[in-house]
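The basis for the numbers below is simple: all heavy atoms, side chains too, and nothing from hydrogens, waters or symmetry mates.
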Amino acid sequence: MPPPRRRARLWIVAGVGAFIFAAVCVLLAIALSGAGTERATVLEVLQAQARGNAGGVLAELPACRAEPGCAAAVRARTARLKAPGKVEILLYEPSVHLALTRRVGTGRVAWRIGTRLPIVQCVRAQRDGPLSGGGVELLSISDPIGREAPCPA
């Protein structure tokens, strides 16, 4: 059996190690949940588009709302994409897979309204990792692109 002083040091080292392990696990969990948060925000935008609610789309795109040209494009696109039915995301590729700090990227979403043919759009997003706040802000959403077309990087 080790002496009491050595045993106390072992407990301290084990406690510090357990704390560091727990902290890393929490940071990774927050970073990995960012893609789900981004997808949920994109779904809100798509639902607003399908309802023809340009104000709802712009509420989720504050950077676009501040630029008159971007806001006008959103209003026109929203009017074109308005349709009845349930919005369903068929495929979502997030803008960033794992963000530990602030990163900006472009995601790709394939979705449909009811039984209509799929619509594909690119979504520019700013993701904050756990080291920079953990939030998601959508910056813009593109006009529909070809079903097999890639989004710009």
Side-chain angles (χ1 to χ4, degrees), residues 14-153:
V16 168
F19 176 77
I20 291 172
F21 177 76
V24 168
C25 287
V26 167
L27 290 175
L28 281 174
I30 293 169
L32 292 171
S33 70
T37 303
E38 181 179 324
R39 184 183 187 280
T41 307
V42 168
L43 179 59
E44 290 177 23
V45 168
L46 299 177
Q47 289 170 334
Q49 277 186 150
R51 287 191 309 268
N53 180 0
V57 174
L58 290 170
E60 296 295 336
L61 303 170
C64 182
R65 185 178 59 231
E67 295 181 30
C70 185
V74 165
R75 287 185 190 93
R77 179 182 324 113
T78 301
R80 283 192 321 270
L81 293 176
K82 180 180 179 179
K86 180 181 177 197
V87 172
E88 178 184 7
I89 291 181
L90 305 172
L91 176 67
Y92 187 69
E93 297 169 7
S95 63
V96 177
H97 288 285
L98 180 64
L100 295 177
T101 60
R102 179 169 288 168
R103 303 228 359 235
V104 174
T106 303
R108 185 174 181 276
V109 61
W111 63 287
R112 72 173 166 214
I113 306 167
T115 58
R116 291 179 64 184
L117 290 173
I119 300 166
V120 179
Q121 290 178 278
C122 301
V123 181
R124 192 92 172 132
Q126 175 179 290
R127 288 248 312 266
D128 289 333
L131 301 177
S132 57
V136 173
E137 179 182 339
L138 298 185
L139 303 174
S140 65
I141 187 164
S142 74
D143 280 330
I145 61 173
R147 289 190 198 105
E148 300 297 324
C151 289

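- Interatomic distance, SG of C151 versus CZ of R124, reported as 10.5 Å (0.5 Å rounding).
- A distance-only check finds a donor-acceptor pair linking the side chain of R77 to the backbone of S142 [under 3.5 Å].
- Taken from CZ in R112 to CD1 in I89, the straight-line distance is 12.5 Å, to the nearest 0.5 Å.
- When every heavy atom of G146 is checked against every heavy atom of V120, the shortest pair comes out as O-CB, 4.0 Å.
- Taking the side chain to side chain donor-acceptor pair (under 3.5 Å) definition, one finds that R51 meets it with nothing, sequence neighbours left out.
- Pairing each heavy atom of A125 with each of L138, the nearest pair is CB-CD2, 3.8 Å.
- Pairing each heavy atom of C122 with each of I145, the nearest pair is SG-CD1, 3.6 Å.
- Taking all atoms of both residues into account, the shortest heavy-atom contact from T78 to A54 is CG2-N, 3.6 Å.
- Contact check for L58 versus R75: side-chain heavy atoms found under the 4.5 Å cut-off.
- In terms of heavy-atom proximity, R116 sits nearest to A83 at NH1-CB, 2.8 Å.
- Counting heavy atoms from C-beta outward, I141 and Q49 have side chains that approach closer than 4.5 Å.
- From W111, atom CH2 reaches atom CG of L81 across 5.5 Å, with rounding to the nearest 0.5 Å.
- Atom CZ of R39 is separated from atom OG1 of T41 by 11.5 Å, given to the nearest 0.5 angstrom.
- Atom-to-atom distance recorded for E60:CD and E137:CD is 10.0 Å, nearest 0.5 angstrom.
- In this structure the side chain of R65 never reaches within 4.5 angstrom of the side chain of V74, judged on heavy atoms.
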- Message: Test side-chain contact (heavy atoms from CB on, under 4.5 Å) on D143 and R80; report intermediate values, then the result.
- Response: CA-CA 10 Å; D143 280 330; R80 283 192 321 270; 3.0 Å; yes
- How far apart are the C-alpha atoms of Q47 and N53, what are their side-chain angles, what is the distance that settles it, and do they pass the side-chain contact (heavy atoms from CB on, under 4.5 Å) test? CA-CA 9 Å; Q47 289 170 334; N53 180 0; over 6 Å; no
- Output, in order, the C-alpha distance, side-chain angles, deciding distance and verdict of side-chain contact (heavy atoms from CB on, under 4.5 Å) for V42 and Q121. CA-CA 10 Å; V42 168; Q121 290 178 278; over 6 Å; no
